[in-house]
Structures are given as structure tokens and as C-alpha cells.
Amino acid sequence: MDFGFSEQQQMLRTSARDFLAKECPTTKVRELEESEKGYDSQMWNAMAELGWMGLLFPEEYGGSSGTFMDLVVLMEEMGRSIAPSPFFSTVCLSALPILQYGSSDQKEHILPKVAKGEEILSLALTEASMSLQPSNITSHATLDGENYLLEGTKFFVRDAAVANHLLVVARTSNKENPKDGITLFLVDAKSPGIEIEEITTMAKEKHSVVTFNKTKVSKTDVIGQVDQGWNIVEFIMQRAVTLKCAEVVGSCQAVLDMTTQYAKDRIQFERPIGSFQAIQHRLADMLIDVEGTQFLVYQASCSIEEGTPSDLQVSAAKAKANEVFQKATLDGVQIHGAIGFTRDHDIGLYYRRVKAAEFAMGDADYHRERIAVDLGL
Amino acid sequence: MDFKFSEKEEALRRDIRQFVKEEIPPDWFAVMLEEESRDEDWAFAMSIARKLAQRGWLTMAWPKEYGGQGATLFEQLVYGEEVGYWGIPGTSMGVSGVAWVGPSLILFGTEEQKKQYMPLIASGEPDGVWCTGYSEPNAGSDFANLQTKAIREGDHYVINGQKIWTSAAHRARWCWLAARTDPDNPKKHKGISLFIVDMKSPGITVRPLLNYGGGHIFNEMFFDNVKVPACNLVGEENRGWYQLMQALAYERGSVGSGLCGSTKRILEGLVSYAKETQYEGRLLSENPLIRQKLAERAIEVETLKMFAYQTIWKMTQGAIPVYEPSRDKAFGDQVMERLAFTGTQVIGAYSQVDPGSKYARMKGSIERLYLFFPGITIAAGTDEIEKNIIGQFALGLPRSY
């Protein structure tokens, strides 16, 4: 039993925190929110130089063979700074499954470029219903000689407009069990027949609706086995969910720090408002919430590292993270009072990101249902 | 980072489970057992205490020379989890002796005191049962406000005053008493001392206070010119508050481990019940609302477990836990409360049936939990006090009271 971080992880945390504080203060976050691409190429390249994109890749692909927990540490710091970038889409949603399930050609072709910051990826999974059930995957790919023809529309594909490749989840055959017959494709995002339409959201994350109109995809661009793609979706699910939760934990920690500082500084009735129990107990609750979520994330991460993740552990982290992020930001705004409700105040940056995190890879109801199944209900 | 237990710790877990199989009735579901209340329960608890003592588990945390095993904190954690999960009776012998009297004597007691009292506790004998005289009618959350006086007269102290909420006083052979030895000191923390009081001393009156379930756990205690030999003072005169806080800091670390065992057991009980029980033409487990509620409780039980583990881990790093036990207590209280409500929701009208009735479900354990949990959020530090501690010591906020 050990809750400690390795020296390497501590160094990674410090360097990430310093880098993001310097390169992406909240003024920069606001600037990027309004930009077309949604990220800063220079910062992206610097992140690659720091070795972040290839953190988990072996050396042959330009990585440093880090552990999953290293990535958790990094995601916490990204969540703290809310630096906008296509990191989650590229690394967490896409590069990890390519590393696990991709052919050597695919890995050689894609991963070194990811590590260098020259390749942006994203996952096209959910459709108009936004359901994560395999039965609701209606996009389909039909074999036509050496190619598949991809048809369908994917919703809330993050960073699609700037992506070089998309991982597309499509049905290749209709089987009795809706989990069977699904395949993942590695699709050049600039292929003919792809339309990308931006969905503007309150967090200003770059989401899109992506339509595939008989888009040609070579047979060699199948990731893993034909018809066996849902296993890969489950693989992505457990990892990306855990990493998203780590990001949320970092954001919540920032909200707790910011709000605690405000409660110490803000004087009313000739004393800091943090000396009132009504304020103090709210902050104590926030600490309990945030630390609890953090430990669930660490538990899930360790299990993933050991290759034995359970749905209970992963989904517990996500269901809790969703609710804690909401409550922490709302209480944060309340404790800041009216100043916290202005567009200019940083607490609002976090409040506006709650729903993006909540609906990324499943809301709390969805994850509680997964837990129920895991409990044997 | 790694959350696995060592082989030695897992072996202990297996040994405890084997012990449970051999010594505890198979249908035992007593997560809320009030063992001090009824004579037959107390007798059973004490018989188990002796068996636990024989295996060296009762006081495993103590050093070997005082009848312990010098168990590691993680071994204590495993023991705490299993005790909570299986509801093993007799593990605390009225709470005080095992948990803080022994550890305090190691820190502050004289050699004579250690020799006289610690082996009695470690052997699980009735003469090793203690109660703790801390709370008073006007010293609850503001515990330093205690008014019971101990005035030195020659070779003894004379105690006068009243204690309340004294658990197991009616079963105890000794009382671990905090009393004011310097009533003139204007700093109320500075005039308090700790004493060992023989419960057979003339002048002590114990009166029962019944809880919601009708159980007799705690008591009122009256001290009317009770004479205590001066050699029964523990540590330094007037330093009692600081001694007590130091001993408490170690003891409080284990708050979470028992709770995470017992909450897990209740949750598992509810899951089994939902899978076996038909309602309106389908199993309760097929009702999405019930599924969601039980999943919520599962998340909380997992969280509580991680809190308990983290607090213990921090102690293994040589740190005295400052706010973590308060976090674990405040959160654990909530988990209990929500389990009680989800329990009554799952079992419905039958959740109000007494454990003795043939109509009771899950052996009436949810009824017991419902009657018990409001006390948990008050005992050993109210929710409000725990949050004050978190505010002040974890977040660095100004003292709020």
C-alpha cells in the first residue's frame, strides 16, 4: 500500500505546473477560447518537446515508456490550468488505443508524429443520440473491393477540425449482440466525403458534427480486428474516463485553492469570511469531495496499470467526478459572491467546463448503471 | 502508487476469516451490535475478546512487551476492516482500554501503571474493561470546558463532578478520567489531568441513558468525594489536555477502517436482498431507481475505503494525521446515513420491523442502522467539529468559534 508518487512523477508535476502557469495563464485560456483552432501551435510544440504526447509510448515511437499514473499526474495539472489543447483527443482518446491495438504500420506511421506534436487525432464515437450503448452505433462501413465506404454522422467529436486522423467507430455487420460487428477505422480527416461542422459550446471546446459521406477507407486502416471493435471502445472507455477524471480533479483542486484564498482575503463584518462556519463548512465539504474523487482516480489508475481495471472502480471515479465538479464550482461561485458571477472572473472558466467534462465519456447515470452491473445487480 | 496489501497482511485477513468461521455464528449480521447492552450479548462479546486476546489480535497494535504484537499499521487496518465487516464482537471491550488507555499509558504512564493495567486489557479479562470519563453536561464539543474537579489532599485526589455519555460505564472495571486539577488557571486547557479511577470506589454512581433502540450503551456518572490514590495520576498534573490530544491523534487514525468494513457489509446485504426480492412483478434489482441508488452507495463505500487507506498510509510515513481522521469521520457518517436511507427505501415498510420479529428483513439490521446513525454523527466529534478541524488545519482558515 503506497499513496506516494515516484520522484519522477513529482518532477513531472512540478514541471507541468510551472510550464502551464507560465505559458497558459487564464488570459491565454480566454484568448484561445475565442481562436479558431482552439489551441496554440507554439505551446503544442513545446508540450511535445517536454515529452508529454509520447509519455506512454516506448522509445521506438519517440516516447519515454512512462506509466499510466504519470499520465494521470499530467492530466491533473492540465485540469488545474484548463489549458486548451487537443491533448485529450490526441493522446487519451486515440493514441492509447492505437498503441494497444494498432498494426505495426499504423503505430510506426502515427505514433512518432504524435510524439513530435505533428499529428492531432480524435475519436468519432457518439452519434446524434449521444448514447454510449453499442446498439446506438448506426454509422456503418461496407466493403467495396479493397476499401470500406464509411457512412454516418458523429456528434461531439472534439478537435475534429484540426485533426489529421480520426478514429471512427462504425458497424461492419449486424449481429445478434450489438457489441459484435463494430469496427474501428483510422481515417484521414482530410479524405473526400468528410464534412465537419462546428458545435459551439459554453466551454468553447472545439466540438464538431462530422459526417462521412461514402468516405473511402482502406482495409489496412482497420484498427484491431474487423467486427471486434467494441472491445477497443471499452479499452478507450476505461482509460479515457480515468484520465478525464484526473483532469476534473485538477480543476476542482484549482477551484478549492482559489476559493479558500478568497475566503481568507475577503473581509466582511470586519473579519475574513472564511472565519464564518457557513463558509468554512462548505469548503471542508469541498475538500472531502475533491480528495475522495482524487483517491478513486488513483485507485482506478493503479488497476489499469496492473491490467485489472474494474467497471466499479473506473465508473465510481467518473460518477463522483461529475457531481463533485458541479458542486465545487457552484459553491466556489457562491463563496466568491457577485464578483464570481462575472465573465471576467476565473471561477467562471471552471463553471463553464463542468458540462463538457460531465458528458465526455458518460454521465453519472450511465456510470452508475455500469456500477450496478458490476455489483451483480 | 499501489493499493495492494502484502502477503503477510493478506495472510492475516485469511486467519481472521477463519476465526470468524470457527467462532462466530454463521448467520451473524451484527454490524450495529450494541454488545454492552444486554447481559447475554456482553457475555458473548467477552468470550470472543478472550479468544482474540489468545491470538494476540485484541491489542495487536501494542508493543510486544506490553502484551501486544507490534503489528504494523497496515495489519491493524486489515484487522479493523475485517472486524467491521464481520461485526466481530468483543474487539473493543467497551472501546477505551484497547484503543487509547493502553497507548496513552505507553506514552505517559509509570512503569507500575503499565504493569498493573495493560496485561489485564491485553488478556481480554473483565478486569481489563474500561470506560472513558470525558464528556460532561456542559463540556460536549467544548470539551476543554470540563468542570469535574480533582483536588489533591495528601496522598490522594478527591473527585467531584458529573460525566455523561460514558459508554460501557456499567460494564467497566476502570474509568479513564479527565478532571480539572487547577480550577484557578484562566486558560481552560491548562488545568486538566488524567486519572485512573477504580469503578468500585465509594462515591461513584452510574445511571443508564437509553438510546433510540432502547439499548443501554452510555451512562451518566456522578462523582461524590471519590478518593483516588495520587499514584493513579497519569503523566503530568495539569498536562492532561495535551496528553489526551497526543494519544487521540494516533487513535483517530483508525476511525475509517472499521467503518469501511461495516458499510461494505451493509451494501452487500442490500445488493443480495435486491437480487432476491420480487416487487410488482419484477426483482428489485431490475428497478433502475434502486440500481442507481445502490451504485451511489457503492461509490461512497469505495471512497470511504480509500480515505481509510490513505490516512493509515500517511501515518506509516511518520506523520501524525491532522485533518484526515476528521475527513474520514465526517464522510463516514454521511455514508452510514445514506446507507440507512437507501436501506429503508430498498426494504420498504419492512425496514421498520424490530430484529426479533419474524417479519424482519436482513435480520432487522437496517432498522438498527436507522436508529443508530444519528448518534454516530454526534459521538466522538460532531460533524460540525470535524468540519471546523478541516477548515482550520487542512485549509488554513481562521478559527471559527
Side-chain angles (χ1 to χ4, degrees), chain A residues 1-6 9 67 69 72 256-257 259-261 263-264 271-289 291-296 298-299 301-303 305-306 312-313 315-317 319-320 323 364-365 367-377, chain B residues 1-6 9 73-74 77 267-268 271-272 274-275 283-286 288 290-296 298-307 309-310 312-314 316-317 323-324 326-328 330-331 334 383-384 386-392 394-401:
Chain A
M1 181 85 48
D2 182 8
F3 277 73
F5 290 101
S6 69
Q9 285 161 348
T67 64
M69 189 61 82
V72 164
L256 176 60
D257 291 352
T259 310
T260 303
Q261 191 57 50
K264 289 176 187 173
R271 51 200 288 205
I273 59 168
S275 65
F276 299 122
Q277 289 189 353
I279 301 292
Q280 206 168 104
H281 289 187
R282 247 186 223 253
L283 285 165
D285 283 335
M286 202 188 291
L287 176 138
I288 296 171
D289 280 347
E291 289 196 351
T293 313
Q294 188 169 38
F295 298 149
L296 290 184
Y298 294 164
Q299 174 175 243
S301 307
C302 267
S303 309
E305 226 166 70
E306 286 153 17
L312 170 63
Q313 292 174 351
S315 289
K320 190 169 172 85
E323 296 192 338
D365 288 353
H367 282 286
R368 282 191 294 257
E369 174 55 29
R370 283 174 77 99
I371 291 169
V373 172
D374 205 52
L375 289 173
L377 285 169
Chain B
M1 206 161 301
D2 156 34
F3 304 120
K4 289 191 299 293
F5 288 97
S6 72
E9 290 149 10
L73 285 158
F74 288 132
L77 168 63
L267 175 67
E268 286 179 5
V271 167
S272 302
K275 284 164 72 175
L283 289 169
L284 282 172
S285 61
E286 292 170 311
I290 300 284
R291 296 171 72 82
Q292 289 279 318
K293 287 282 177 188
L294 289 172
E296 277 177 9
I299 296 166
E300 289 154 5
V301 169
E302 282 294 302
T303 308
L304 183 60
K305 178 189 78 180
M306 295 309 287
F307 277 152
Y309 290 5
Q310 194 261 352
I312 296 293
W313 171 78
K314 198 166 176 192
T316 65
Q317 303 300 296
Y323 72 93
E324 289 86 350
S326 295
R327 173 195 69 194
D328 303 355
F331 187 75
Q334 265 182 32
D383 196 43
E384 288 74 15
E386 304 298 2
K387 285 178 186 172
N388 287 343
I389 292 171
I390 295 169
Q392 210 178 326
L395 297 170
L397 292 165
R399 198 178 139 127
S400 63
Y401 51 94

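Below, read A as the first sequence line, B as the second, and so on, with proteins coming before strands; counting in each chain starts at 1. The figures here come from the full heavy-atom set of this structure, side chains too, leaving out hydrogens, waters and symmetry mates.
Heavy atoms only, all atoms of each residue included: B:Phe3 and A:Met1 are closest at O-CE, 3.7 Å.
Note: B:Glu386 CD to A:Ile288 CD1 = 9.0 Å, rounded to the nearest 0.5 Å. Residue A:Glu291 holds its CD atom at 12.0 Å from CZ of B:Phe331, rounded to the nearest 0.5 Å. Atom OG1 in A:Thr260 sits 6.0 Å away from atom CG in B:Leu397 (nearest 0.5 Å). To the nearest 0.5 Å, the span separating CD1 on B:Ile390 from CG on A:Leu287 amounts to 6.0 Å. One finds the OG atom of A:Ser275 at 11.0 Å from the CD atom of B:Gln392 (value rounded to the nearest 0.5 Å). Once rounded to the nearest 0.5 Å, the distance linking CD of A:Gln280 with CG of B:Asn388 reads 5.5 Å.
When each of B:Ala330, B:Ser326, B:Gly396, B:Ser272 is checked for heavy-atom pairs under 4.5 Å with chain A, B:Gly396 comes out on top. Residue with the most contacts toward chain A among B:Tyr323, B:Tyr401, B:Phe307: B:Phe307 (heavy-atom pairs, distance under 4.5 Å). Annotation: maximal heavy-atom pairing with chain A below 4.5 Å, among B:Lys275, B:Met306, B:Glu286, occurs at B:Met306. When each of B:Ser400, B:Ala394, B:Gly391, B:Ser6 is scored by its heavy-atom pairs under 4.5 Å with chain A, the top score falls to B:Ser400. Note on B:Thr303, B:Thr316, B:Asp2: by heavy-atom pairs under 4.5 Å with chain A, the leading option is B:Asp2. Of the listed residues (A:Gln313, A:Met69, A:Glu306), the one with the most heavy-atom contacts under 4.5 Å to chain B is A:Glu306.
Using bins of under 30°, 30° to 60° and over 60° for the plane-to-plane angle, the ring pair A:Phe3/B:Trp313 lands in the tilted bin.
With hydrogens and angles ignored, the 3.5 Å screen pairs a side-chain donor or acceptor of A:Lys264 with a backbone N or O of B:Leu395.
By the 4.5 Å heavy-atom criterion applied to side chains, A:Gln299 and B:Lys305 are counted as neighbours.
Contacts between A:Leu256 and chain B at a heavy-atom distance below 4.5 Å involve the side chain alone, from C-beta outward. Contacts of B:Glu384 with chain A are made by both backbone and side-chain atoms, with heavy-atom separations under 4.5 Å.
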Side-chain donor-acceptor pairs under 3.5 Å in residues 367-377 of chain A, sequence neighbours left out?
unit_1, atom_1, unit_2, atom_2, d
A:His367, ND1, A:Ser315, OG, 3.0
A:His367, NE2, A:Met361, O, 2.6
A:Arg368, NE, B:Gln292, OE1, 2.7
A:Arg368, NH1, A:Glu323, OE2, 3.0
A:Arg368, NH2, A:Asp365, OD1, 2.7
A:Arg368, NH2, B:Gln292, OE1, 3.4
A:Glu369, OE1, B:Arg291, NE, 2.9
A:Glu369, OE2, B:Arg291, NE, 3.2
A:Glu369, OE2, B:Arg291, NH2, 2.8
A:Arg370, NH1, A:Tyr366, OH, 2.8
A:Arg370, NH2, A:Glu234, OE1, 2.8
A:Arg370, NH2, A:Asp311, OD1, 3.1
A:Asp374, OD2, A:Leu312, N, 3.2

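Applying the side-chain hydrogen bond (donor to acceptor under 3.5 Å, both in side chains) rule to B:Glu296 yields no partners; only residues at least two apart in sequence or on another chain are considered.
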For this session: In sequence, state the C-alpha distance, the side-chain angles, and the governing distance for B:Glu302 and A:Lys320, and then conclude on salt bridge (Lys or Arg N to Asp or Glu O under 4.0 Å).
Result: CA-CA 11 Å; B:Glu302 282 294 302; A:Lys320 190 169 172 85; over 6 Å; no

